[in-house]
Amino acid sequence: MSDLLTKFSKKKDVDTIIRDTFDKVVVLRFGRASDLVCLQQDHILSKAARDVSKFATVALVDVDSEDIQVYVKYFDITLIPSTVFFFNAHHMKMDCGTADHTKWIGAFYAKQDFIDVVEAIFRGAMKGKLIVNCPLPPERIPKYQILYKDV
């Protein structure tokens, strides 16, 4: 199923899709094709890609690619899969009640969860917001703990 989604392993390609996509949410899933949770996320993304195609573009980014490490460091992608959202070249953030508003960490539980999140980001972005509230109930948001080194 993830074969239907665009895959990027070069920084130039990621830059191009972020910069050249207008009036659509760009959804970038950072992860590995061999990881089971990434495969679950890819399955949900590929099932929903057609449903959100009028207002979103979905792509997969390989975190093991040397060229992509700039983004991995910038977005502090330590847990995979991590999903980052953009709108008109602006990084969109989402308040999910977690410590990290810059990305969605983990897999979505269902196709409709992903559609709801992307739609909320799109609606907020069209109103000029750079951060939106998560439309999902707290029990449908993956939980994780952030551990800081040398603090």
Side-chain angles (χ1 to χ4, degrees), residues 1-96 98-126 129-132 134-136 140-147:
M1 280 292 242
S2 65
D3 295 337
L4 304 173
L5 299 173
T6 307
K7 294 179 179 73
F8 295 126
S9 59
K10 300 239 181 283
K11 180 185 180 300
K12 182 184 78 149
D13 297 334
V14 175
D15 291 341
T16 301
I17 193 170
I18 292 170
R19 186 185 59 241
D20 295 346
T21 304
F22 296 106
D23 294 333
K24 277 187 163 186
V25 176
V26 175
V27 180
L28 298 177
R29 190 279 288 147
F30 287 83
R32 293 182 185 94
S34 61
D35 185 74
L36 291 177
V37 181
C38 287
L39 291 174
Q40 176 189 356
Q41 176 82 325
D42 294 352
H43 181 69
I44 290 169
L45 296 179
S46 61
K47 286 194 314 186
R50 186 165 180 241
D51 296 333
V52 299
S53 64
K54 291 189 187 243
F55 56 91
T57 302
V58 182
L60 310 177
V61 182
D62 180 20
V63 294
D64 293 329
S65 172
E66 281 299 317
D67 208 19
I68 298 295
Q69 293 307 307
V70 172
Y71 283 115
V72 171
K73 287 184 178 89
Y74 183 77
F75 291 116
D76 191 28
I77 296 173
T78 52
L79 300 173
I80 59 168
S82 291
T83 308
V84 183
F85 305 94
F86 295 90
F87 185 81
N88 289 347
H90 292 285
H91 180 207
M92 295 297 297
K93 298 170 185 74
M94 185 172 42
D95 183 1
C96 298
T98 61
D100 191 357
H101 299 329
T102 61
K103 58 190 169 286
W104 179 275
I105 297 175
F108 290 95
Y109 287 105
K111 171 182 155 182
Q112 191 60 46
D113 291 347
F114 172 70
I115 293 170
D116 291 346
V117 165
V118 174
E119 187 175 1
I121 289 173
F122 178 74
R123 289 177 188 266
M126 291 302 285
K129 295 181 180 181
L130 293 177
I131 187 166
V132 298
C134 183
L136 303 180
R140 300 202 55 88
I141 298 171
K143 303 289 185 243
Y144 59 92
Q145 286 186 334
I146 297 178
L147 301 175

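All residue numbers in this chain count up from 1 along the given sequence.
Although no hydrogens or angles enter the test, the distance criterion places no donor-acceptor pair under 3.5 Å between the side chain of Lys11 and the main chain of Val70. One N or O on the side chain of Ser46 and one on the backbone of His43 form a donor-acceptor pair closer than 3.5 Å.
Across all their heavy atoms, Asp23 and Phe122 have their closest contact at O-CE1, 3.6 Å. Heavy-atom minimum distance, Lys24 versus Thr21: CB-CG2, 3.7 Å. In terms of heavy atoms, Ala59 sits closest to Phe8 at CB-CE1, 3.4 Å. Heavy atoms only, all atoms of each residue included: Ala48 and Ile115 are closest at CB-CG1, 3.9 Å. Closest approach of Val117 and Cys134 over heavy atoms only: CG2-SG, 4.5 Å. The shortest heavy-atom contact between Leu39 and Ala33 is CD2-O, 3.2 Å.
Atom-to-atom distance recorded for Lys47:NZ and Leu4:CG is 12.5 Å, nearest 0.5 angstrom. Gln112 CD to Leu136 CG: the interatomic distance, rounded to the nearest 0.5 Å, is 9.5 Å. Atom CD1 of Ile105 is separated from atom OG1 of Thr78 by 6.5 Å, given to the nearest 0.5 angstrom. One distance of note links CD1 of Ile44 with OH of Tyr109; it measures 10.5 Å at 0.5 Å rounding. Note that the CD1 atom of Ile121 and the CG atom of Asp116 stand 11.5 Å from one another [nearest 0.5 Å].
Side-chain contact between Ile68 and Val63 is absent, with no heavy-atom pair separated by less than 4.5 Å. Counting only heavy atoms from C-beta outward, the side chains of Met92 and Val25 never approach each other to under 4.5 Å. Side-chain contact between Met126 and Phe87: present, with at least one pair of heavy atoms (C-beta onward) separated by less than 4.5 Å. With contacts defined as side-chain heavy-atom distances shorter than 4.5 Å, the pair Val37/Pro81 qualifies.
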Quick one: side chains of residues 49-58, donor-acceptor pairs under 3.5 Å with protein atoms, not counting sequence neighbours, listed by atom name and distance.
from, atom 1, to, atom 2, distance (Å)
Asp51, OD2, Lys111, NZ, 2.8
Ser53, OG, Arg50, O, 2.9

* Could you walk me through whether Trp104 and Phe85 pass the side chain to side chain contact (heavy atoms under 4.5 Å, CB included) check? -> CA-CA 9 Å; Trp104 179 275; Phe85 305 94; 4.1 Å; yes

* **Residue pair Asp76, Lys73: steps toward the side chain to side chain contact (heavy atoms under 4.5 Å, CB included) verdict** => CA-CA 5 Å; Asp76 191 28; Lys73 287 184 178 89; over 6 Å; no

* Report the C-alpha distance between Val27 and Thr83 in whole Å, list the side-chain angles of each, state the deciding distance to 0.1 Å, and finish with yes or no for side chain to side chain contact (heavy atoms under 4.5 Å, CB included). => CA-CA 7 Å; Val27 180; Thr83 308; 3.5 Å; yes

* Chi angles and distances behind the side chain to side chain contact (heavy atoms under 4.5 Å, CB included) call for Leu28, Tyr71 -> CA-CA 11 Å; Leu28 298 177; Tyr71 283 115; over 6 Å; no

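Atom CZ of Arg19 has more than 12 neighbouring heavy atoms from other residues, nucleotides or ligands inside a 6.0 Å radius.
For the side-chain contact (heavy atoms from CB on, under 4.5 Å) with Arg29, the lone residue among Asp42, Val61, Leu5 that qualifies is Asp42.
For residues 60-70, the side-chain hydrogen bond (donor to acceptor under 3.5 Å, both in side chains) pairs, not counting sequence neighbours, are Arg32-Asp64.
Under the 30°/60° scheme for interplanar angles, the aromatic rings of His91 and Phe86 are found to be tilted.
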